[in-house]
Amino acid sequence: MVNLSLYSIKAVILLDSEGNRVLAKYYGNESTVLKQQKQFEKGLFEKTKRAQGEIILYDNHIVLYRSNIDIFFYVVGSMEENELHLLSMLNAFYDAISTLLRYQVEKRSVMDNLDLIILCLDETVDGGIILETDSNAIVSRVSKPRMDMVDIPFAEQTLMQAVQTAKDRFASQLLR
């Protein structure tokens, strides 16, 4: 019988080049304790640290992974899950992170911007359900809009925003 559930992701894991956890988020009703998670991650890293593929079968789970300079991205799904569906999620997540970090996806930049990475993950997957597979949409939701690019009509501004806008426009008129 085919499993037609929306809950397709069991875990999203980021490990460094030594197999240490950078970020891990487990989904589903199977509550695993931290010790089991660490053991799973250690075994997964040992199996994939030298491999050149992007998909493996590990511990009755389909695992898609992608490595960069010193960080490994893993997406874990059930045995019945469609690999292409998981791959589209992994690629969208990785591409969004790559765009946000200005194509410098390495452990240091990931650790410095962990808040953006977690927001990216939350915009991509929620409770094991893949929400978005378009990296540009994820980036637009996660990144902060620049204030000089946002033009809010006067009617929708707060008093302080309206005063600041008036000051800016007055200053620009004086400088002409």
Asker: Would you compute the distance between atom CZ of Phe93 and atom CD1 of Ile138 and round it to the nearest 0.5 angstrom?
Answerer: 8.5 Å
Asker: In the single-linkage hydrophobic clustering (I, L, V, M, F, W, Y; side-chain heavy atoms under 4.5 Å), do Leu90 and Val63 co-cluster?
Answerer: no
Asker: Side chain to side chain contact (heavy atoms under 4.5 Å, CB included), that's the test. Do Val110 and Leu101 meet it? Break it down for me.
Answerer: CA-CA 8 Å; Val110 168; Leu101 299 180; 3.9 Å; yes
Asker: Once you round to the nearest 0.5 Å, how far does CG of Leu86 lie from CG of Asn91?
Answerer: 11.0 Å
Asker: Quick one: closest heavy-atom pair of Ala137 and Ser140, and the distance?
Answerer: O-OG, 2.8 Å
Asker: Without swapping roles, check the side chain of Glu81 against the backbone of Ser78 for a donor-acceptor pair under 3.5 Å.
Answerer: no
Asker: Would Arg66 pass as a cation-pi partner of Tyr94, given that its NZ or CZ must be under 6.0 Å from the six-membered ring centre and within 45 degrees of the axis?
Answerer: yes
Asker: Could you walk me through whether Val75 and Tyr65 satisfy the side chain to side chain contact (heavy atoms under 4.5 Å, CB included) test, starting with their C-alpha distance in whole Å, then the side-chain angles of each, then the deciding distance to 0.1 Å, before giving a yes or no?
Answerer: CA-CA 6 Å; Val75 174; Tyr65 63 97; over 6 Å; no
Asker: Is the closest basic N to carboxylate O distance between Asp16 and Arg21 below 4.0 Å?
Answerer: no
Asker: Where the side chain of His61 meets the backbone of Asp59, is there a donor-acceptor pair that is under 3.5 Å apart?
Answerer: yes
Asker: Would you give the length of the straight line joining atom CG of Leu14 to atom CD1 of Ile118, rounded to the nearest 0.5 angstrom?
Answerer: 10.0 Å
Asker: Quick one: pull up CG in Leu23 and NZ in Lys25 and give me the separation to the nearest 0.5 Å.
Answerer: 8.0 Å
Asker: Verify, without hydrogens or angle tests, whether Asn68 (side chain) and Val105 (backbone) share a donor-acceptor contact under 3.5 angstrom.
Answerer: yes
Asker: Identify all side-chain donor-acceptor contacts of residues 43-58 below 3.5 Å with residues at least two apart in sequence or on another chain.
Answerer:
residue	atom	partner	partner atom	Å
Glu46	OE1	Lys49	NZ	3.2
Thr48	OG1	Leu44	O	2.9
Thr48	OG1	Tyr74	OH	2.5

Asker: Any chain of hydrophobic side-chain contacts (each under 4.5 Å) joining Phe72 to Val22?
Answerer: no
Asker: For a 4.5 angstrom cut-off between non-hydrogen side-chain atoms, does Glu106 reach Ile71?
Answerer: no
Asker: Quick one: pull up CD1 in Ile130 and CD1 in Ile9 and give me the separation to the nearest 0.5 Å.
Answerer: 4.0 Å
Asker: Could you grab the distance from atom CD1 of Ile97 to atom CG of Leu121, nearest 0.5 Å is fine?
Answerer: 7.5 Å
Asker: What closest approach, in Å, do Cys120 and Leu100 show between heavy atoms, and which atom pair accounts for it?
Answerer: SG-CD1, 3.4 Å
Asker: Closest heavy-atom contact between Ser135 and Ala92?
Answerer: CB-O, 3.5 Å
Asker: Test side chain to side chain contact (heavy atoms under 4.5 Å, CB included) on Tyr27 and Val12 and set out the steps.
Answerer: CA-CA 9 Å; Tyr27 305 101; Val12 177; 4.2 Å; yes
Asker: Would you call Asp70-Lys107 a salt bridge at under 4.0 Å N-O?
Answerer: no
Asker: Among the clusters formed by ILVMFWY side chains lying less than 4.5 Å apart, do Val125 and Leu114 turn up in the same one?
Answerer: yes
Asker: What heavy-atom pair brings Tyr7 and Gly127 nearest, and what distance separates the two atoms?
Answerer: CD2-O, 3.2 Å
Asker: One thing to verify: whether Glu132 and Arg141 come together as a salt bridge, which I'm taking to mean a side-chain N less than 4.0 angstrom from a carboxylate O.
Answerer: yes
Asker: Which other residues end up in the same hydrophobic cluster as Tyr103, if Ile, Leu, Val, Met, Phe, Trp and Tyr are linked when side-chain heavy atoms come under 4.5 Å apart?
Answerer: none
Asker: Would you name the heavy atoms of Leu131 and Asp122 that are closest together and state the gap between them?
Answerer: CD1-O, 3.9 Å
Asker: Do Tyr26 and Lys10 come close enough that some side-chain heavy atom pair is under 4.5 Å?
Answerer: no
Asker: Can you get from Leu15 to Val76 by hopping between Ile, Leu, Val, Met, Phe, Trp and Tyr side chains that sit under 4.5 Å apart?
Answerer: yes
